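Report on one structure; see the data block that follows.
Owing to the predicted nature of the structure, the values given are computational and were not obtained by experimental measurement. FYI, side chains are in, hydrogens and waters are out, and symmetry mates aren't considered; it's all heavy atoms of this structure. Chain naming here is simple, since letters A, B, ... match the order of the sequence lines and numbering starts at 1 in each.
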Amino acid sequence: MNKKTIIRTLEKIALYMELQGENPFKVSAFRKAAAALEGDERSLSEMDDVTKLKGIGKGTAAVIEDLMLTGESSLLKELEEVVPKGLLPLLKLPGLGGKKIAKLHQELGIDSAESLKAACEAGKVRELAGFAVKTEEKILKELANLANRSERLPIWQLEPVVLQIEALLGSMKEVDRFSVAGSFRRALETSKDIDFIVVTEAVEEVRENLLNSLAIQEVVAAGDTKISVILDLDEPVSVDFRLVKDNEYATALHHFTGSKDHNVRMRQIAKARGEKISEYGVEQEDGTVLTFQDEAAFFAHFDLPWIPPSLRTGTAEFDKTNIIQNLVRLEDIKADLHMHTTWSDGAYSVAEMGEALLARGYQYSVITDHSQFLKVANGLTPERLEKQRGEIEAFNAAHPDFHLFKGTEMDILPDGSLDFEDQVLKELDFVIASIHSSFTQSQDKIMARLLTAMQNPYVHMIAHPTGRIIEDRDGYNPDMKQLIAWAKEYGKILELNANPYRLDLCVEHLEMACAAGVPVAINTDAHDIAHLRFMDIGVRYANRAWLPKDMIVNTWTREQFEAFIQRNK
DNA sequence: ACCGCTCGCGGTGCGGGCTTTTGAGCCCG
């Protein structure tokens with residue numbers, strides 16, 4: 001019996017109890033027990049007594065013992081007999097929780113989405129205490145939505161929507177300031193919706209403007225403090241706007257940025273001091289409410305540094321406050337080491353990319369068009385690569401305070417060889433090696449390919465090391481522990497590809513690279529000037545892994561970078 | 001159901017808002 005199964009069983013028990021309308025504390029006790037097991041790194045055999053873990057007592061330990069001895073949980077079996085499986089999806093319906101579902105089951109014998117629909121249509125549901133006509137209508141509407149209801153949306157789908165809404169809010173003269181909040185601001189891979197905090201004194205105008213300017217499928221709520229809409233895009237996207245006064249901005253932004261666990265911890269800290277935090281301010285013991293100009297002032301009130309949103313998980317951010325100042329911020333970034341031009345599959349010329357990089361205030365960058373193997377991307381032959389050199393040198397001659405290094409994104413071929421000979425690589429300043437083909441090879445073959453690149457003295461960096469696309473494909477499944485060990489051994493950089501499709505390395509792998517002391521570069525892989533903005537996402541994502549600034553290659557000065565890339569010549 | 005303060009019992013990481021049932025359940029971070 002493995003630990004994962006036990007954790008899942010405890011969570012299942014909680015779910016079934018919830019559907020029975022059980023005491024919510026009892027339900028959460030089972031969830032807490034599961035979380036306690038999950039949070040402990042030891043395997044079950046290494047724990048002599050599970051009840052020593054905080055959150056596991058007599059009852060939950062009995063379930064664990066049951067599972068260990070018999071492979072089954074008699075408690076779960078009993079629950080499954082009493083609670084119909086068809087009720088499980090009903091918890092997803094907004095407005096229905098365990099208590100209400102239990103009542104529907106007990107009073108009307110409802111056991112599935114179908115029977116709930118029938119009961120609503122027959123007008124049976126409105127007769128129940130706690131339900132009425134409106135509830136019935138709402139349930140019917142939500143049942144219709146249930147099938148095509150999308151779960152969490154990936155960051156790459158939300159990012160352009162956020163950009164568009166930011167442009168709209170920025171253009172509205174009644175809007176004094178605004179920010180995106182929620183899990184998007186914390187740089188999570190997926191979010192359920194998008195939250196915006198908007199400061200305005202002209203609530204009506206802003207509301208009308210928003211409702212008229214956005215492509216709206218459905219207005220969920222449109223009050224004085226909250227506007228909630230579903231946008232009519234390829235997939236429906238929920239967006240919430242919170243309209244607040246200027247002095248409430250900091251606490252509202254903090255509150256709606258979360259995470260929930262972070263907020264709970266903050267409120268505990270406040271409570272211990274006799275204060276109360278809400279989205280409107282910090283209430284003092286005498287009832288007066290303090291407000292703050294910005295989040296930094298709010299955190300400072302609790303003797304905390306400004307905690308970057310990505311760190312707000314409710315865990316380490318309160319213990320490791322002394323190293324927060326060592327983490328990377330967007331203004332620390334001095335270069336972008338991975339981008340494409342019209343020479344391969346990019347949309348802008350070398351000079352246009354160069355000007356855009358200068359406009360971002362960078363000191364240097366690297367042009368890295370694809371190599372010849374990638375025909376679909378118009379990859380460069382050694383001859384064309386040589387021609388490109390002239391264009392880059394001309395740009396550099398005209399811009400003495402900035403430097404474009406000459407590079408390539410070279411394919412690691414399916415047979416394990418590299419796309420350019422060493423003589424070609426030798427002439428380049430910076431060489432990226434990456435895999436774009438034969439993802440389904442065995443892990444041994446993939447690792448053999450990567451090892452060739454690692455052992456080549458002219459290669460500096462491995463780009464998007466796993467090849468994953470968020471919520472779409474898993475990539476080529478390299479042995480990351482081994483890859484990181486090689487990067488350390490051969491002195492290579494691993495990339496955090498900041499394109500929101502990729503975010504590769506992921507947080508877990510970044511943490512491993514960090515622990516091993518392997519340098520990381522945050523790159524946009526821009527194929528368009530507009531893509532250079534992804535650096536912001538990359539930086540916020542890197543924060544989630546607590547990567548210190550000095551381990552991030554593109555925070556280095558041009559001199560430091562040059563010293564590093566020339567070491568093998 | 002678990003924990004902690006003390007051996008049975010009260011509180012359960014927070015607080016606000018919305019619905020519509022004018023309480024209690026549900027939802028948000």
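Rounded to whole Å, the separation between the P atoms of B:dT12 and B:dT6 comes to 16 Å. For the C1' atoms, the distance from B:dG10 to B:dC27 is 27 Å, rounded to whole Å. Nucleotides B:dG16 and B:dC5 have their C1' atoms positioned 31 Å apart, rounded to a whole Å. The separation of B:dC26 from B:dT20, taken at their P atoms, amounts to 14 Å, rounded to a whole angstrom. Spacing between B:dC9 and B:dC18 at atom P, rounded to whole Å, works out to 40 Å. Comparing B:dG23 with B:dG17, their C1' atoms sit 15 Å apart, to the nearest whole Å. Of the C1' atoms belonging to B:dC3 and B:dC7, the separation is 13 Å, rounded to the nearest Å.
With salt bridges taken as basic N to acidic carboxylate O contacts below 4.0 Å, none links A:Glu81 and A:Lys77. The pair A:Glu295-A:Arg185 meets the salt-bridge criterion, since a charged nitrogen lies less than 4.0 angstrom from a carboxylate oxygen. The existence of a salt bridge linking A:Asp261 and A:Arg265 is excluded, since no basic side-chain nitrogen approaches an acidic carboxylate oxygen closer than 4.0 Å. Between A:Asp195 and A:Arg242 there is no salt bridge, since none of the side-chain N atoms of the basic residue sits less than 4.0 Å from a carboxylate O of the acidic one. Ion pairing between a basic and an acidic side chain is recognised when a charged N comes within 4.0 Å of a carboxylate O; A:Arg533 and A:Glu159 show such pairing. Salt-bridge annotation for A:Arg273 and A:Asp303: present, with a side-chain N of the basic residue lying under 4.0 Å from a carboxylate O of the acidic one.
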For A:Glu189 and A:Arg544: C-alpha separation, side-chain torsions, deciding distance, then whether salt bridge (charged side-chain N to carboxylate O under 4.0 Å, His left out) applies.
CA-CA 11 Å; A:Glu189 274 92 341; A:Arg544 284 180 55 194; 2.9 Å; yes

Stepwise side chain to side chain donor-acceptor pair (under 3.5 Å) check, A:Asp286 with A:Gln284:
CA-CA 5 Å; A:Asp286 63 8; A:Gln284 304 298 289; over 6 Å; no

Which is it for A:Lys141 and A:Glu137 under the salt bridge (charged side-chain N to carboxylate O under 4.0 Å, His left out) test, yes or no, and what are the steps along the way?
CA-CA 6 Å; A:Lys141 206 177 94 191; A:Glu137 288 166 359; over 6 Å; no

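Contact annotation for A:Asp261: no contact, since no heavy-atom pair falls under 4.0 Å across all strands. Counting any heavy atom pair closer than 4.0 Å across all strands shown, A:Leu253 reaches no nucleic acid atom. Looking at heavy-atom distances under 4.0 Å, A:Ser28 makes no contact with the nucleic acid at all. Nucleic acid contact class of A:Lys192 (heavy atoms, under 4.0 Å, all strands): sugar-phosphate only. Within the nucleic acid shown, A:Phe25 comes within 4.0 Å of at least one base atom, counting heavy atoms only. Residue A:Asp193 is in sugar-phosphate contact alone, with no base atom involved, counting any heavy-atom pair closer than 4.0 Å across all strands shown. Looking at heavy-atom distances under 4.0 Å, A:Ile269 makes no contact with the nucleic acid at all.
Phosphate contact (OP1/OP2 of B:dT12, side-chain N/O of A:Lys26, threshold under 4.0 Å): absent. Residue A:Lys54 places at least one side-chain N or O under 4.0 Å from the OP1 or OP2 atom of B:dG4. When the side-chain nitrogen and oxygen atoms of A:Thr60 are compared with OP1 and OP2 of B:dC2, one or more of them lie within a distance under 4.0 Å.
Per the geometry, CG belonging to A:Leu75 stands 11 Å off C1' belonging to B:dA1, to the nearest Å. In this structure, CD of A:Gln20 is placed 12 Å from P of B:dA1, rounded to the nearest angstrom. Rounded to whole angstrom, the span from the CD atom of A:Glu137 across to the P atom of B:dT19 amounts to 15 Å. Rounding to whole angstrom units, CD1 of residue A:Ile139 and C1' of B:dG25 are separated by 13 Å. A:Ile56 has its CD1 atom 8 Å from the P atom of B:dC3, to the nearest Å. Rounding to whole angstrom units, CD of residue A:Glu22 and P of B:dC2 are separated by 13 Å. If you take NZ of A:Lys32 and P of B:dC3, they are 9 Å apart, rounded to a whole angstrom. For the pair A:Asn23 CG and B:dG11 C1', the computed distance is 11 Å after rounding to whole Å.
Mapping A:Met17 and A:Gly97 onto DNA chain B by nearest heavy atom places A:Met17 closer to the 5' end of the strand. Taking the nucleotide of DNA chain B with the nearest heavy atom to each of A:Phe30 and A:Ser183, the more 5' of the two is matched to A:Phe30.
The minimum heavy-atom distance linking A:Asp240 with A:Asp193 is given by the pair OD2-OD2, 3.8 Å. Nearest approach of A:Lys276 to A:Ala270, heavy atoms of both residues: N-CB, 4.5 Å.
Using a 4.0 Å cut-off on heavy atoms, none of the residues of residues 310-319 of chain A approach DNA chain B.
Taking the O4'-C1'-N9-C4 or O4'-C1'-N1-C2 dihedral as appropriate, B:dG13 has a value within 90° of 0 and is therefore syn. Nucleotide B:dC18 is shown with an anti base, its glycosidic torsion being more than 90° from 0.
Separation of the A:His262 and A:Phe318 ring centroids falls under the 6.0 Å cut-off.
B:dA24 and B:dT19 make up a base pair, with Watson-Crick or G-U wobble contacts both under 3.5 Å. Figure legend. B:dG29 is base-paired to B:dC14; pairs are counted as Watson-Crick or G-U wobble with both atom distances under 3.5 Å.
Results of the side chain to side chain contact (heavy atoms under 4.5 Å, CB included) test with A:Ile216 over A:Asp232, A:Leu211, A:Ile230, A:Leu210 single out A:Leu211 as the only residue that passes.
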Check the interface with nucleotides 14-18 of chain B: list each N/O to N/O pair with the protein under 3.5 Å, or write none.
| residue | atom | partner | partner atom | Å |
| --- | --- | --- | --- | --- |
| B:dC14 | O2 | A:Arg267 | NH1 | 3.0 |
| B:dG15 | O4' | A:Arg267 | NH1 | 2.4 |
| B:dG17 | OP1 | A:Tyr280 | OH | 3.2 |

Nucleotides 20-24 of chain B: which of its N/O atoms have a protein N/O under 3.5 Å away?
| residue | atom | partner | partner atom | Å |
| --- | --- | --- | --- | --- |
| B:dT21 | OP1 | A:Ala132 | N | 3.4 |
| B:dT21 | O4 | A:Lys100 | NZ | 2.8 |

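Residues A:Met266 and A:Leu304 have side chains in contact (heavy-atom distance under 4.5 Å, counting atoms from C-beta outward).
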